[in-house]
Every structure is written in C-alpha cells, then in structure tokens.
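Proteins come first, then strands; the chains are lettered A, B, ... in the order of their sequence lines, and each starts at number 1. Atom set for the values below is all heavy atoms of this structure, side chains included, hydrogens, waters and symmetry mates excluded.
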There are 2 protein chains.
Amino acid sequence: MDERTISATERTIGYLLRLPYERLSERVYGGLAAQGFPDIRPAHSAVLRHIAGSGSRVSDLAERAGLTKQSMAYLVEALAAAGYVSVAPDPADGRAKLVRLTRRGHAVSETLVRLSREVEADFAARLAPGQMATLRGLLGELADALERP
Amino acid sequence: MDERTISATERTIGYLLRLPYERLSERVYGGLAAQGFPDIRPAHSAVLRHIAGSGSRVSDLAERAGLTKQSMAYLVEALAAAGYVSVAPDPADGRAKLVRLTRRGHAVSETLVRLSREVEADFAARLAPGQMATLRGLLGELADALERP
DNA sequence: CAATATGGACAGGCCATCTGACTACATGTC
DNA sequence: GACATGTAGTCAGATGGCCTGTCCATATTG
C-alpha cells in the first residue's frame, strides 16, 4: 500500500507540467554543451527568447521576461562575456545600450530550437500518434490565455 | 514585423510547459502564504510530495526527488524549523532519521493540493469544456512514459 | 529651466542547488 | 567476531539565479 501523501492520491498539475519540462531542459542544455555551447544555462533562454534581431535594451528584455533589470543585466553580462551577444550604446538614447546576438549567439539560438524540437519528437514517440500535436495545441491555447490576463 | 528570434517562429515546448507552471506556482504559493503558511516555498514540495505517512528517510526523499542528500537535508531542516515535519531517529537503523509530517505539515499538504486544484480549475475555465481533462490526461501519459525511462 | 521619469550600474542578500570530505553505523565475508 | 565495504547523514564551501535598495546619468515634459 502506497502511503505517499500527494502523488498517490493525485498528481498535481504542477508536477505534471514540471516533470517533462525538467527532462526536456536536461536534454536540451546537455545537448548544447555537447555541441560546443557549454556555458549556456536555462536562465539564458530568457535573453535568447526575447531579444530582437535589431537589438534590444536590457529594460525591454527584463520586462518581457518578467525579471528585474538587474537580473537581466546579470544574464546579459554572462552571455556577452562568452561571446553570444554584443552590447553597444543605443544611438537613439544616451542612457541605453543595445544587446544584439552575435553570429555565435544566432548559432546557439538555432541549436536550442533544433534540440528542443528533437526532444519534443522523442516525447511524441512515447505517446500515441498525433497526441503530441494535441498536447502542444492545448498548451498553446493555455499559454495564449495566460499571456493576456 | 516581429523579429523575435525564438518566439516569433515557434514557441518551444519548454516555454509552453514553463509558462503555466510558473503562473500556477505563483498562485499556489501565494495562496499558501495568504492562508497562514508563508514559509512554504516551491522547493519544499519535493519533500511534501514524496514523504510517506509512516515517515521517510532523507536519503529516500532525496532519491525520489532527484536531489542530493545534502539538498534534501537542507529543505527538511527548514520545514522542521517551521514545524511542518518532525525528525526522529529511525529505530530500525541507527544511522538514519525518519522525517514525518506534523499536523501542520498535513494541513499544508492538503492546502497545497486544494489550491492546485483551484488553479487548475481556473485554467480549465480558460479553455473549451473538457480540454483541461484532455491536457491533464496527455501530461499524465507523458509523465508515465518519462518516469520509467 | 525645473521636475520627474527612465536606463542602467553597484552593493548586498537569499535560496536552492551542487561537490567534496568526513563520521557513525550496518552488513556481509571470511 | 573482525575487517572491509557500503550507506545515512553532516559539515564546509561554492555557484547560479534571482531579489531589494540605492544611486547616477540622461530624457522628457511642463
């Protein structure tokens, strides 16, 4: 008889969301390390996901990612030190700086998306045909609903 | 024209899993704080989720949660200091200690599950009828597949 | 111009994890 | 029963990823 307090009765939706997320993360960031990007960590995706091709300000990145300016500056600094982004003064505003992906930054971003798709495909193979598409669709609808509260 | 590097092209499955997880967490742990459990943090769910009614050892908890013994001991210590768990020597093994939920620990565990269900219901209300059940079912199947690799 | 808002930097702190080194106890083998 | 090895837990130290508070420089607006 299993006496577990939570999981025996019912797995929480939090557990069900977090488990695949963590497995995915391990594989994606492990894969990045294996492919020559060892210094990219999950938190850095907050930068990579939101950075505009024409460059973004730290404040904008912070707001889009839901982090403080200081936290975003910390992440950007690490990416800049490792050569994934460049930071240059914004010609349009003397206070601001523009963060841009370098060639290496674009490479890591593309690799990240590719690895993510690969792991997603592997997850899909563990479900019945078509179910991963359903899952992705539902998560997308939920994200749409949550992005605009 | 949106030039975002990742999200404009396609939201990664990681993003789609993490977004609802984070919204859920904010609400569940905010709710716990509001209901008199201000010192419970998301990491503590690793203890609450895996602890057995008859008591569990730190090592067992660590293994089930996928953490090191040291990390689990750190979490257990905080919960013990706040009165959510008791820690007593294991009569069956002089090296070991048994971690048990106190009455307050049971209360927090039940409240956690209840809040989780409430937020899940709120999420469900943002989707078409029945879709949340489908989503939960698919996540459950995926979790089953990932729990036994 | 003065007042206020904004972009960013600096300092300091906390939490949640890790690794490495260690002690105390348990167990299995001879 | 003694010894070798394995296991439960602790101590110490480090790191990453966030936070708040404070401050400076530059914009913007009345």
Peer 1: CG of B:Leu98 versus C1' of D:dT7: gap in Å, rounded?
Peer 2: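 Rounded to the whole Å, the gap is 15 Å.
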
Peer 1: Can you list everything that forms a salt bridge (charged side-chain N to carboxylate O under 4.0 Å, His left out) with B:Arg95? Sequence neighbours excluded, please.
Peer 2: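 By the salt bridge (charged side-chain N to carboxylate O under 4.0 Å, His left out) rule, B:Arg95 matches B:Asp93.
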
Peer 1: Please identify each residue that fulfils side chain to side chain donor-acceptor pair (under 3.5 Å) with B:Thr134, with sequence neighbours left out.
Peer 2: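 None.
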
Peer 1: Quick one: which residue pairs count as a salt bridge (Lys or Arg N to Asp or Glu O under 4.0 Å) with a foot in residues 72-92 of chain A, not counting sequence neighbours?
Peer 2: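 Only A:Arg57-A:Asp90 qualify under salt bridge (Lys or Arg N to Asp or Glu O under 4.0 Å).
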
Peer 1: Shoot me the first and last contacting nucleotide of DNA chain C against chain A, ordered 5' to 3', at under 4.0 angstrom to non-hydrogen atoms.
Peer 2: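 Contacts span C:dA5 to C:dC10, reading 5' to 3'.
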
Peer 1: Apply side chain to side chain donor-acceptor pair (under 3.5 Å) to A:Ser59 and list each qualifying residue two or more places apart in sequence or on a separate chain.
Peer 2: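 Partners of A:Ser59 under the side chain to side chain donor-acceptor pair (under 3.5 Å) test: none.
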
Peer 1: Between N or O atoms, less than 3.5 Å apart, protein on one side and nucleotides 17-20 of chain D on the other: list the pairs.
Peer 2:
unit_1 : atom_1 : unit_2  : atom_2 : d
D:dC19 : OP2    : A:Thr68 : N      : 3.2
D:dC19 : OP2    : A:Thr68 : OG1    : 3.0
D:dC19 : OP2    : A:Ser71 : OG     : 2.6

Peer 1: Listed by chain and number, what are the side chain to side chain donor-acceptor pair (under 3.5 Å) partners of B:Glu120, not counting sequence neighbours?
Peer 2: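 Listed in chain order: B:Arg136.
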
Peer 1: Donor-acceptor pairs under 3.5 Å, side chain of residues 28-37 of chain A to any protein atom, not counting sequence neighbours: which ones?
Peer 2:
unit_1  : atom_1 : unit_2   : atom_2 : d
A:Gln35 : OE1    : A:Arg114 : NH2    : 2.8

Peer 1: B:Thr68: what forms a side chain to side chain donor-acceptor pair (under 3.5 Å) with it, not counting sequence neighbours?
Peer 2: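 Result, side chain to side chain donor-acceptor pair (under 3.5 Å) vs B:Thr68: B:Ser71.
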
Peer 1: Return the set of residues passing side chain to side chain contact (heavy atoms under 4.5 Å, CB included) with A:Glu63 (not counting sequence neighbours), or none when no residue passes.
Peer 2: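 Not a single residue meets the side chain to side chain contact (heavy atoms under 4.5 Å, CB included) criterion with A:Glu63.
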
Peer 1: Starting at the 5' end of nucleotides 23-30 of chain D, put B wherever the base has a protein heavy atom under 4.0 Å, S where only the sugar-phosphate does, and a dash everywhere else.
Peer 2: --BBS---

Peer 1: Any pair with a residue in residues 25-38 of chain B that passes salt bridge (Lys or Arg N to Asp or Glu O under 4.0 Å), sequence neighbours left out, goes on the list, sorted by first then second residue, please.
Peer 2: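 Pairs touching residues 25-38 of chain B that pass the test: B:Arg27-B:Asp122.
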
Peer 1: For the residue pair A:Thr12 and B:Arg49, establish whether any side-chain heavy-atom pair is separated by less than 4.5 Å.
Peer 2: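 Contact flag for A:Thr12/B:Arg49 side chains = yes.
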
